[in-house]
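Please read the structure below before turning to the comments.
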Amino acid sequence: MVIVEQGISDVRERSLLRSMFEARKHVFVDLLKWDVPVLDGRFEVDQFDDRDAYYIIVADEDDRHLGSARLLRTDRPHILGTLFPELCNGDAPGGPDILEITRFCLSRNQNAADRRRTRDRLVSALVRFALDRNIRTFTGVAEMNWLQQILAFGWDCRPLGPPRLLDCGMIGALAITIGPGTPALLAGNGIWEDEELTAIHWPEAA
């Protein structure tokens, strides 16, 4: 199943959220060595994990995290506009119909085929979310290997500026245009998974 969470109050409150933030710690801190905050030695949580963030989570039948991504509004502080504006030729895109994809995370306890399927489901869920909510553009920041994969998915994606070598490595910014034809573009590359989203809205974020 694919679950949409809006905002968080306590990352430890539900097993699925605990599983997601633990997976983020395993990927971004243990594997990629990012210098980001860790809560209780187990959960990767930063200043953008707030009441306005959306979380798209792919889970198994036991409510365990397989993959996830965080979506941030761009009409308020977000990673590209706040931390890496120099990656853009000009101003970072922003507005009510533009969201930033961050923390794209696939759990490490999957084999290669399962990770590919989870990736495809997660990419498709992000597009479904955008189409359902009239979001026309996704932006993002990515290191080079992941940036090249995103550009090759077949959707309408473009760099926002040349990649730069920063303290965290060679990274670049991109923008993805979302429209009615996006599912067919992804399907042409064998990526599209037509799956319904289950929305959960926390009372604290209402």
Side-chain angles (χ1 to χ4, degrees), residues 2-6 27-28 48 52-58 66-106 115-166 168-199:
V2 180
I3 295 171
V4 180
E5 297 267 7
Q6 182 182 3
V27 169
F28 299 115
F48 299 104
D52 289 314
Y54 283 96
Y55 302 89
I56 313 296
I57 308 170
V58 179
L66 298 175
S68 59
R70 180 181 63 186
L71 295 173
L72 301 178
R73 288 169 46 185
T74 59
D75 55 357
R76 63 188 305 274
H78 59 287
I79 289 177
L80 178 57
T82 303
L83 302 181
F84 299 107
E86 69 273 22
L87 295 177
C88 298
N89 289 332
D91 295 333
D97 57 355
I98 302 174
L99 293 178
E100 180 183 53
I101 301 175
T102 68
R103 294 303 195 268
F104 193 103
C105 175
L106 303 177
R115 283 172 59 86
R116 168 65 186 261
R117 172 84 195 286
T118 298
R119 184 204 71 179
D120 293 350
R121 293 174 68 194
L122 186 52
V123 169
S124 301
L126 288 166
V127 172
R128 173 69 66 194
F129 180 90
L131 293 173
D132 288 349
R133 289 158 179 80
N134 296 315
I135 301 301
R136 65 177 179 87
T137 303
F138 284 134
T139 61
V141 174
E143 55 83 24
M144 278 303 298
N145 287 339
W146 180 226
L147 180 67
Q148 290 169 345
Q149 289 186 56
I150 298 169
L151 290 169
F153 282 171
W155 51 12
D156 184 359
C157 181
R158 68 187 188 282
L160 291 171
R164 296 195 180 193
L165 182 60
L166 304 178
C168 52
M170 182 69 76
I171 62 174
L174 53 86
I176 305 161
T177 300
I178 303 297
T182 303
L185 293 175
L186 293 174
N189 274 9
I191 291 175
W192 180 251
E193 298 276 348
D194 196 2
E195 189 169 356
E196 293 299 319
L197 308 181
T198 300

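Residues: numbered from 1 along the sequence shown.
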Heavy-atom nearest pair, Ala130 first then Phe138, reads CB-CZ, 3.7 Å

Between Ala125 and Leu197 the two heavy atoms that sit nearest each other are CB-CD2, 3.8 Å

Residues at least two apart in sequence or cross-chain that pass ring-ring contact (aromatic ring centres under 6.0 Å, His included) with Phe129, listed by chain then number, are Tyr54

In short, side chain to side chain donor-acceptor pair (under 3.5 Å) pairs touching residues 76-89 with sequence neighbours left out are Asp50-Arg76, Asp52-Arg76

Taken in chain and number order and not counting sequence neighbours, the residues that satisfy salt bridge (Lys or Arg N to Asp or Glu O under 4.0 Å) with Asp132 are none

Residues pairing under side chain to side chain donor-acceptor pair (under 3.5 Å) where one sits in residues 182-197, two or more places apart or in two chains, turn out to be Arg117-Glu193, Arg121-Glu195, Arg128-Asp194

Hits for side-chain hydrogen bond (donor to acceptor under 3.5 Å, both in side chains) against Ser68, two or more places apart or cross-chain, chain-then-number order -> His65

For the residue pair Val27 and Leu106, establish whether any side-chain heavy-atom pair is separated by less than 4.5 Å. no

By side-chain hydrogen bond (donor to acceptor under 3.5 Å, both in side chains), Thr137 pairs with (sequence neighbours left out) none

Contacts satisfying side chain to side chain donor-acceptor pair (under 3.5 Å) that involve residues 96-106 (not counting sequence neighbours) are Glu44-Arg103, Asp46-Arg103, Arg70-Thr102, Asp97-Arg136

TODO: Would you confirm whether Thr139, through its side chain, and Ala175, through its main-chain N or O, come within 3.5 Å as a donor-acceptor pair?
DONE: no

In terms of heavy-atom contacts, Gly67 and Leu122 come closest through C-CD2, 4.0 Å

Would the distance check show the side chain of Thr118 and the main-chain N or O of Leu66 forming a donor-acceptor pair, the cut-off being under 3.5 Å? no

Problem - Beyond-backbone contact of Leu126 with Leu71, side-chain heavy atoms, under 4.5 angstrom - result: yes

Sequence neighbours excluded, the answer for salt bridge (Lys or Arg N to Asp or Glu O under 4.0 Å) partners of Arg116 is Asp120

Under 4.5 Å between any side-chain heavy atoms of Cys88 and Leu80, yes or no?
-> yes

Heavy-atom nearest pair, Leu131 first then Gly179, reads CD2-O, 3.5 Å

Could you give the side-chain donor-acceptor pairs of residues 143-162 under 3.5 Å, partners two or more places apart or in another chain?
{"unit_1": "Glu143", "atom_1": "OE1", "unit_2": "Asn145", "atom_2": "N", "d": "3.0"}
{"unit_1": "Glu143", "atom_1": "OE2", "unit_2": "Trp146", "atom_2": "N", "d": "3.1"}
{"unit_1": "Trp155", "atom_1": "NE1", "unit_2": "Ile150", "atom_2": "O", "d": "2.9"}

In this structure, CD1 of Ile98 is separated from CD1 of Ile178 (nearest 0.5 Å) by 12.0 Å

